[in-house]
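Below you'll find the structure, written out as structure tokens, and then a few comments.
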Amino acid sequence: MDSQGQTTSLQRLQNVEKRIVKVLELAGGVMDELASPVGPRKELVQNHCLEFMQLIKDIQVALRDEIKSACEYRPFEKCDYGPRITNEICYNKVEYVISQLDAIKQTIHHYHA
């Protein structure tokens, strides 16, 4: 993955982290409001709860997208190391067989000479 892609992914995850902090602040605000000695203000609690739920949905979508993009990223998918090494080994085996055939050929040549 290039550094720009990593930076973008890290920035998106940092934004998710900020949303999580905001969610916790909203939850804390609702708890403070519910514990208020004068009683909770209905509008404030309702607004905090609506924002809380929207942020939770946004966080779920963002994390799902990040996980999906991480699963799609396969750094060694286009790596040709394995096939290249296999090819080299086969080439060396063929060279060895050719050298053995040459040795047999020389032996036969000396035998008939």
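Numbering starts at 1 and runs along the sequence shown.
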Next item on the list: Decide yes or no on side-chain contact (heavy atoms from CB on, under 4.5 Å) for E17 and I20, but give the supporting numbers first.
Entry: CA-CA 5 Å; E17 181 182 19; I20 291 171; 5.5 Å; no
Notebook entry, point to check: Nearest 0.5 Å, what's the CG-NE2 distance between L26 and H48?
Noted result: 5.5 Å
Notebook entry, point to check: Only one of M31, E33, Q46 forms a side chain to side chain contact (heavy atoms under 4.5 Å, CB included) with P40, so which one is it?
Noted result: E33
Item checked: Spacing of CD belonging to E88 relative to CD1 belonging to I85, to within rounding of 0.5 Å -> 4.5 Å
Checklist line | pair K68-R64: side-chain heavy atoms closer than 4.5 Å | finding: no
Notebook entry, point to check: How long is the span from the CD atom in Q100 to the CD1 atom in I104, to the nearest 0.5 Å?
Noted result: 6.5 Å
Notebook entry, point to check: For the atom pair NZ (K22) and CD1 (I59), what is the distance rounded to the nearest 0.5 Å?
Noted result: 11.5 Å
Next item on the list: Could I get the full list of salt bridge (Lys or Arg N to Asp or Glu O under 4.0 Å) partners for E66, not counting sequence neighbours?
Entry: R12
Margin query: Can you tell me how far apart CD (Q14) and OG (S9) are? Round to the nearest 0.5 Å.
Written below: 10.0 Å
Check: How close do V23 and F52 get, heavy atom to heavy atom, and via which atoms?
Finding: CG1-CE1, 3.1 Å
Note to self: Between E43 and N47, do the side chains contain a donor N or O and an acceptor N or O under 3.5 Å apart?
What the structure shows: no
Next item on the list: Would you give the length of the straight line joining atom CG of L50 to atom CG of L55, rounded to the nearest 0.5 angstrom?
Entry: 11.0 Å
Margin query: If the condition is salt bridge (Lys or Arg N to Asp or Glu O under 4.0 Å), which residues does R84 pass it with, not counting sequence neighbours?
Written below: D80
Checklist line | Derivation and outcome, side-chain contact (heavy atoms from CB on, under 4.5 Å), residues I89 and K93 | finding: CA-CA 6 Å; I89 291 170; K93 287 178 179 179; 3.8 Å; yes
